[in-house]
Amino acid sequence: DMSQPVSSENQTRAAQSIGKKNLGELEGLSVSGAQLKKLLLSLGRIFQVMAFDASKHAPEVNQFHLSDPNLTEEVEGLLKIAVMHLALIRFPGNKLTDEEDTREHDFMIHPIFTAFFEFSYRRKRKMTINGAQLIGLVKEPRRTLREILSRTDRSFDEDIQLPEQMKLFENY
């Protein structure tokens, strides 16, 4: 019946389902599809753990900024492909970096995926990572997750009760 409102539970399940479907489709988009999926699973895990363990921490950390003044070609390439395929969105940072008036960029997971990972889609707070960590999220996710989360006084406890969809990460 179209006159009845859709429950918030059904809306949430539908949004999570769309995120999961889009995550699965990323893998087949390009040669870098598997890398993009690993990157999203890693970043999603970080932001999900941060949202899950929010006590004593800044709320809603769901963006990141790269600390490196000069990024390697590998990092630049990964970011370019991630933005091009809408895995990440890029927007101007809030600090000017040099006399040329160019702005540094901040990144976040595309909002279509946030319900799947169970954290807010709204731009709130950001964390800083470096290019090596970004690549590490693809190549050595478990080690890099521990490294990034330990800086925020959170632990990467593999036994922590996280949502069912995060079990997808176990294959990486």
Side-chain angles (χ1 to χ4, degrees), residues 15 18-54 57-154 156 166 169 172:
I18 297 287
K20 181 178 182 176
K21 176 189 74 68
N22 286 8
L23 184 64
E25 289 175 357
L26 267 181
E27 209 163 8
L29 282 179
S30 71
V31 228
S32 304
Q35 284 184 312
L36 293 179
K37 186 173 181 180
K38 286 179 184 178
L39 178 64
L40 279 183
L41 285 169
S42 295
L43 287 170
R45 177 69 173 223
I46 288 170
F47 295 133
Q48 197 281 331
V49 167
M50 288 179 155
F52 184 79
D53 183 13
H57 301 289
E60 298 186 71
V61 176
N62 62 1
Q63 303 169 44
F64 67 94
H65 166 79
L66 290 158
S67 61
D68 311 55
N70 299 308
L71 299 174
T72 66
E73 279 185 39
E74 185 179 23
V75 173
E76 288 277 5
L78 181 60
L79 288 171
K80 182 178 178 180
I81 295 229
V83 170
M84 182 172 57
H85 289 298
L86 299 176
L88 299 177
I89 57 172
R90 179 181 72 190
F91 45 95
N94 55 4
K95 294 181 181 174
L96 298 178
T97 55
D98 59 23
E99 312 83 45
E100 304 289 333
D101 198 33
T102 57
R103 292 181 177 263
E104 55 189 50
H105 289 95
D106 294 336
F107 297 87
M108 70 184 290
I109 291 178
H110 192 284
I112 198 84
F113 300 106
T114 59
F116 176 71
F117 292 115
E118 296 188 4
F119 64 86
S120 176
Y121 64 90
R122 295 176 295 165
R123 291 186 202 172
K124 289 292 179 181
R125 309 253 173 150
K126 66 183 172 188
M127 66 175 182
T128 301
I129 62 174
N130 62 43
Q133 289 170 325
L134 187 74
I135 296 301
L137 290 172
V138 174
K139 293 183 175 178
E140 298 179 274
R142 291 189 187 279
R143 182 193 60 76
T144 310
L145 284 167
R146 278 190 189 88
E147 180 183 322
I148 292 171
L149 288 171
S150 68
R151 283 193 349 236
T152 65
D153 288 334
R154 292 174 179 93
F156 177 57
M166 293 312 295
F169 187 78
Y172 294 98

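Treat the numbers as computed from the prediction; the structure is a model and nothing was measured.
Under the salt bridge (charged side-chain N to carboxylate O under 4.0 Å, His left out) criterion, Arg143 pairs with Glu140, Glu147, not counting sequence neighbours. Considering only residues two or more places apart in sequence or on other chains, Lys80 meets the side chain to side chain donor-acceptor pair (under 3.5 Å) condition with none of them. With sequence neighbours left out, Thr128 forms a side chain to side chain donor-acceptor pair (under 3.5 Å) with no residue at all.
Between Val83 and Phe107, the shortest heavy-atom contact is CG2-CE2, 4.0 Å. Here the closest heavy-atom approach between residue Asn130 and residue Ser67 is recorded as CB-OG, 3.5 Å. The shortest heavy-atom contact between Ser42 and Leu145 is O-CD2, 3.4 Å. Closest approach of Phe116 to Leu23, counting heavy atoms only: CE2-CD2, 3.7 Å. Closest approach of Pro111 and Ile89 over heavy atoms only: CD-CD1, 4.1 Å. Minimum interatomic distance between His65 and His105 (heavy atoms only, all atoms of both residues): ND1-O, 3.5 Å.
Among the candidates Phe91, Phe47, Phe64, the single residue satisfying the side chain to side chain contact (heavy atoms under 4.5 Å, CB included) test with Met108 is Phe91.
Remark: His110 NE2 to Tyr121 OH distance equals 13.5 Å, nearest 0.5 Å. Within the model, atoms CD1 of Ile148 and CD1 of Ile46 stand 4.0 Å from one another, a figure rounded to the nearest 0.5 Å.
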Fill in: Derivation of the side chain to side chain contact (heavy atoms under 4.5 Å, CB included) call for Leu78 and Leu36
CA-CA 8 Å; Leu78 181 60; Leu36 293 179; 4.2 Å; yes
Fill in: Chi angles and distances behind the side chain to side chain contact (heavy atoms under 4.5 Å, CB included) call for Phe113, Leu26
CA-CA 11 Å; Phe113 300 106; Leu26 267 181; 4.1 Å; yes
Practice prompt. Take Ile129 and Leu66 through the test side chain to side chain contact (heavy atoms under 4.5 Å, CB included) and record every step on the way to the result.
Written response: CA-CA 5 Å; Ile129 62 174; Leu66 290 158; 3.8 Å; yes
Worksheet item: What's the verdict on side chain to side chain contact (heavy atoms under 4.5 Å, CB included) for Leu86 and Ile112, showing C-alpha distance, side-chain angles and the deciding distance?
Response: CA-CA 9 Å; Leu86 299 176; Ile112 198 84; over 6 Å; no
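In the displayed structure, Lys139 atom NZ is contacted under 6.0 Å by at most 12 heavy atoms of other residues, nucleotides or ligands.
Side chain of Thr72 to main chain of Val75: a donor-acceptor pair is present (N/O by atom type, distance under 3.5 Å, no hydrogens or angles).
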